[in-house]
J.: 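Let me begin by handing over the structure; questions about it come next.
Excluded from the calculations below are hydrogen atoms, water molecules and symmetry mates; all remaining heavy atoms, backbone and side chain alike, are included. Both counts, for ligands and for their atoms, begin at 1 and track the order of listing.
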Amino acid sequence: MKAEEVLNDLRRRFPNEPEYLQAVEEVLSTIEEAYNANPEFERYNLIERLCIPDRIYTFRVSWIDDNGRVRNNMGYRVQHNNAIGPYKGGIRFHSSVNLSILKFLAFEQTFKNSLTTLPMGGAKGGSDFSPRGKSDMEVMKFCQAFVQELWRHIGPDTDVPAGDIGVGGREVGYMYGMYKKMARENTGTFTGKGLEFGGSLIRPEATGFGNVYFLLNMLETRGISLEGKRVAISGSGNVATYTALKLLELGAKVVSLSDSDGTVLIPDGITRDQLDYVFKLKNFYRGRIREFAEEYNLPYHAGERPWHLIDCDIAMPSATQNEIDGDDARALLKGGCIAVSEGANMPSTPEAIREFINAGILYAPGKAANAGGVSVSGLEMSQNSQKLSWSAAEVDAKLKDIMAEIHHQCVLYGRDEQTGYINYVKGANVAGFIKVARAMMAQGIL
Ligand code: NDP
Ligand code: 2IT
């Protein structure tokens with residue numbers, strides 16, 4: 001396999017899917033050697049079957065808003081690969097959602113889920129519906145209409161959706177309610193459910209906590225302590241806020257948060273009271289980070305991302321894809337950044353990744369660093385199957401072990417023998433790939 005040839009073919013066939021092509025390019029450029037080491041893979045044209053999703057469902061979602069107007073959104077589910085387990089991955093509701101974005105996310109999810117050590121295939125779904133500015137009733141009606149189409153394609157051993165941007169506990173609850181009604185069963189087909197109806201303790205915290213656990217593993221390879229480190233975070237949603245919470249608990253300083261309108265700087269580090277305010281603002285009032293800045297008289301930069309606004313030791317991008325470009329990466333490095341651990345999926349552009357790796361800093365791609373979320377989703381599935389629920393301490397301990405194992409796999413496949421540098425991009429891609437590839441080979445051409 002020549003990565004460039006495979007890519008050129010995909011570029012020709014999917015010319016309007018830049019995010020998908022970007023994600024595939026990053027993986028192919030690092031697994032070429034591992035792939036070619038096994039000639040059987042090529043004979044089965046494994047690479048093409050791994051890059052192109054198994055199937056994609058596309059549908060229209062019609063619903064009625066509070067003013068009685070009929071609204072139409074697009075709905076999608078990309079079932080990418082189920083070689084190692086049922087399709088598994090989040091649902092994103094955001095006005096920017098299109099097939100390219102969901103295909104990139106489903107592709108990434110396949111490698112991420114392979115890394116988790118749990119039996120889950122890769123999928124992603126969503127809609128260009130934006131919950132922002134919608135009433136609770138509108139969100140409910142939309143979720144119900146979305147699931148009236150989706151429900152027949154999912155199931156506890158077929159495909160298990162969860163949250164992502166714009167989809168949290170509220171949306172999962174509404175979607176699961178309608179799913180249950182349509183499917184006439186109660187097997188927990190969504191994860192991220194409420195605790196009263198099969199949800200797992202620590203699932204809301206899992207992505208952010210898991211990212212901090214991964215960061216600790218990375219820092220340990222260089223004997224660096226997290227205590228007192230200045231951490232810039234982007235976003236102020238699920239991943240960002242729980243990342244901040246764990247950092248605070250471990251004595252680090254969170255110096256920024258953001259949303260799609262702008263960035264707040266917290267030069268002395270966020271306090272627990274301030275963070276509680278953000279949790280309330282975002283989850284209950286669905287307000288803007290600007291309001292937090294106003295409440296505490298903190299510097300706010302409209303329309304800006306954090307990276308060039310404040311010096312930090314560590315960056316944890318936790319908002320969206322391609323939110324750190326080459327200039328942002330250079331600004332981070334100039335400001336003394338020694339580690340980047342990605343809470344978001346593909347937040348760094350290829351140029352930014354090159355900058356980080358060339359500078360020799362610790363750099364963890366999202367598919368490794370943010371895998372804690374889907375890992376605890378996997379644990380939620382286990383608990384649902386057993387009809388049991390585990391304690392928070394038990395789930396948290398399992399999450400820590402899983403993040404350590406993912407880190408271990410990255411080191412195993414990503415450490416350069418000569419320099420000792422750990423290329424976490426290569427490590428995560430190769431480790432994720434090998435497991436899926438072996439499973440695909442064992443199951444024949446499907
Ligand atoms: P939320 O919807 O809870 O929060 C998203 C945050 O990012 C909000 O602050 C939002 O601002 C901001 N944001 C979203 N889109 C943009 C954009 N285009 N430009 C700038 N800011 C933006 O989502 P999550 O916290 O769940 O997800 C954040 C990231 O983490 C995503 O990349 C997601 O794929 C990834 N992830 C999530 C997991 C999970 O378990 N939830 C697991 C693994 C990865 P605003 O409110 O203004 O839209
Ligand atoms: O990107 C991700 O890993 C998620 N949004 C979580 C997926 C899941 O199934 O919990």
J.: For atom 28 (C) of ligand 1, which candidate among Ala319, Gly192, Ser375 holds the nearest heavy atom?
T.: Ala319
J.: Among all protein heavy atoms, pick out the one at the shortest distance from atom 2 (C) of ligand 2; state its residue, atom name and that distance to 0.1 Å.
T.: Lys112 NZ, 3.2 Å
J.: Look at the rings of His407 and Phe214 and say which category their plane angle falls in: under 30° parallel, 30 to 60° tilted, over 60° perpendicular.
T.: perpendicular
J.: Which of the atoms in ligand 2, numbered in the order shown and given with their element, are less than 4.0 Å from a heavy-atom of Ala162?
T.: 8 (C), 9 (O), 10 (O)
J.: Which residue holds the protein heavy atom closest to atom 15 (N) of ligand 1, what is that atom called, and what is the gap in Å?
T.: His94 NE2, 3.6 Å
J.: Would you sort out whether Arg286 and Asp136 count as a salt bridge (Lys or Arg N to Asp or Glu O under 4.0 Å), showing the intermediate values?
T.: CA-CA 11 Å; Arg286 304 204 178 259; Asp136 250 8; 5.2 Å; no
J.: If only side-chain N and O atoms count, and only distance matters, is there a donor-acceptor pair under 3.5 Å linking Asn370 with Lys112?
T.: yes
J.: Take every heavy atom of Gln321, measure it against each atom of ligand 1, and state whether any distance is under 4.0 Å.
T.: no
J.: For ligand 1, which atoms, with element, lie under 4.0 Å from some heavy atom of Gly235?
T.: 9 (O)
J.: Below a 4.0 angstrom heavy-atom separation, can you tell me which part of Ser318, side chain or backbone, both or neither, approaches ligand 1?
T.: backbone
J.: Would you tell me whether Tyr213 and Asp396 have side-chain atoms, one donor and one acceptor, within less than 3.5 Å of each other?
T.: yes
J.: Going by atom types alone, do Thr110 and Asn81 pair a side-chain donor with an acceptor below 3.5 Å?
T.: no
J.: Just need the protein heavy atom nearest to atom 9 (O) of ligand 1, so name the residue and atom and give the distance.
T.: Ser236 N, 2.9 Å
J.: Under a 4.0 Å heavy-atom limit, does Thr207 contact ligand 2 with its side chain, its backbone, both, or neither?
T.: neither
J.: Hey, are Lys280 and Asp276 close enough for a salt bridge, meaning a charged N less than 4.0 Å from a carboxylate O?
T.: no
J.: Before accepting this row, confirm whether a basic side-chain N of the pair Asp328/Arg305 lies closer than 4.0 Å to the acidic partner's carboxylate O.
T.: yes
J.: Do me a favour and list the nearest non-hydrogen protein atom to atom 7 (C) of ligand 2 with residue, atom name and distance?
T.: Gly90 N, 3.5 Å
J.: Mind checking whether Phe129 and Phe146 have ring centres under 6.0 Å apart?
T.: no
J.: Among Lys124, Glu108, Arg203, which residue places a heavy atom closest to atom 6 (C) of ligand 2?
T.: Arg203
J.: Consider every N or O of Asn370 and every N or O of ligand 1, then say whether any pair is closer than 3.5 Å.
T.: no
J.: Taking 4.0 angstrom as the limit and counting only heavy atoms of Ala344, give me the atoms of ligand 1 inside it, by number and element.
T.: 29 (C), 30 (O), 32 (O), 35 (C)
J.: Is any side-chain N of the basic residue among Arg132 and Asp261 closer than 4.0 Å to the acidic one's carboxylate O?
T.: yes
J.: Give yes or no for whether the N/O distance cutoff of 3.5 Å, strictly under, is met between Lys124 and ligand 1.
T.: no
J.: I'd like to know if Arg230 and Asp311 make a salt bridge, using a cut-off of under 4.0 Å between side-chain N and carboxylate O.
T.: no
J.: So, regarding Ala240 and ligand 1 (criterion: nitrogen or oxygen to nitrogen or oxygen, under 3.5 Å), is there a contact or not?
T.: no
J.: Parallel, tilted or perpendicular, judged at 30° and 60°: which one describes the rings of His153 and Tyr57?
T.: parallel
J.: So which of Val167, Ile233, Asn238, Val278 gets nearest to atom 3 (O) of ligand 1, if we judge by its closest heavy atom?
T.: Asn238
J.: Check Glu323 against ligand 1 and report side chain, backbone, both or neither, counting heavy atoms closer than 4.0 Å.
T.: neither
J.: Pick whichever of Ile101, Val239, Ile289 has a heavy atom sitting closest to atom 25 (O) of ligand 1.
T.: Val239
J.: Could you identify the single nearest non-hydrogen protein atom to atom 10 (O) of ligand 2 and state the distance to 0.1 Å?
T.: Ser377 OG, 2.5 Å
J.: Between Asn423 and Ile357 (side chain of the first, backbone of the second, donor and acceptor by atom type, cut-off under 3.5 Å), is there such a pair?
T.: no
J.: To check your reading of the model: name the closest protein heavy atom to atom 27 (O) of ligand 1, its residue, and the distance in Å.
T.: Ile165 CG1, 3.7 Å
J.: Would you mind listing which atoms of ligand 1 come within a distance below 4.0 Å of any non-hydrogen atom of Gly166?
T.: 2 (O)
J.: Using a 4.0 Å cut-off to any heavy atom of Arg92, which atoms of ligand 1 qualify?
T.: 31 (C), 32 (O), 33 (C), 34 (O)
J.: Note the single closest protein heavy atom to atom 19 (N) of ligand 1, along with its residue, its atom name and the distance in Å.
T.: Thr320 CG2, 3.7 Å
J.: Whether the Asn322 and Thr349 side chains hold a donor-acceptor pair (N or O, under 3.5 Å, no angle test) is what I'd like checked.
T.: no
J.: Examine Phe292 together with Phe279 and report whether their ring centres are nearer than 6.0 Å.
T.: no
J.: Salt bridge check, Lys253 against Asp313: does any charged N sit closer than 4.0 Å to a carboxylate O?
T.: no
J.: I need the atoms of ligand 1 closer than 4.0 Å to a non-hydrogen atom of Asp164, numbered in the order shown.
T.: 26 (O), 33 (C), 34 (O), 36 (N), 37 (C)
J.: Name the option, out of Pro317, Ser260, Gly366, Ser130, that contains the heavy atom nearest to atom 11 (O) of ligand 1.
T.: Ser260
J.: Please determine if Glu138 and Lys141 form a salt bridge, counting it only when a charged side-chain N lies under 4.0 Å from a carboxylate O.
T.: no
J.: Quick one: does ligand 1 sit under 4.0 Å from the side chain of Thr207, the backbone, both or neither, non-hydrogen atoms only?
T.: side chain
J.: Applying a heavy-atom cut-off of 4.0 Å, say which part of Arg203 lies close to ligand 1: side chain, backbone, both or neither.
T.: side chain
J.: Measure Ser258 to ligand 1 on non-hydrogen atoms and call it side chain, backbone, both or neither using the 4.0 Å cut-off.
T.: backbone
J.: Salt-bridged, Arg330 to Asp327, with N to O below 4.0 Å?
T.: yes
J.: Nearest to atom 9 (O) of ligand 2, what protein heavy atom do you find, and at what distance?
T.: Lys88 NZ, 2.6 Å
J.: Any heavy atom of Gly343 sitting closer than 4.0 Å to ligand 1?
T.: yes
J.: What residue and atom, counting heavy atoms only, is the protein's closest point to atom 4 (O) of ligand 1, and at what distance?
T.: Gly237 CA, 3.3 Å
J.: Could you go through the side-chain contact (heavy atoms from CB on, under 4.5 Å) check for Met218 and Tyr424 one step at a time?
T.: CA-CA 10 Å; Met218 284 207 295; Tyr424 287 89; 3.5 Å; yes
J.: State if Arg288 counts as touching ligand 1 under the rule of any non-hydrogen atom under 4.0 Å.
T.: yes
J.: With nothing but distance in play, are any N or O atoms of Gly163 less than 3.5 Å from an N or O of ligand 2?
T.: yes
J.: Distance alone, cut at 3.5 Å: any donor-acceptor contact between the side chains of Thr191 and Lys88?
T.: yes
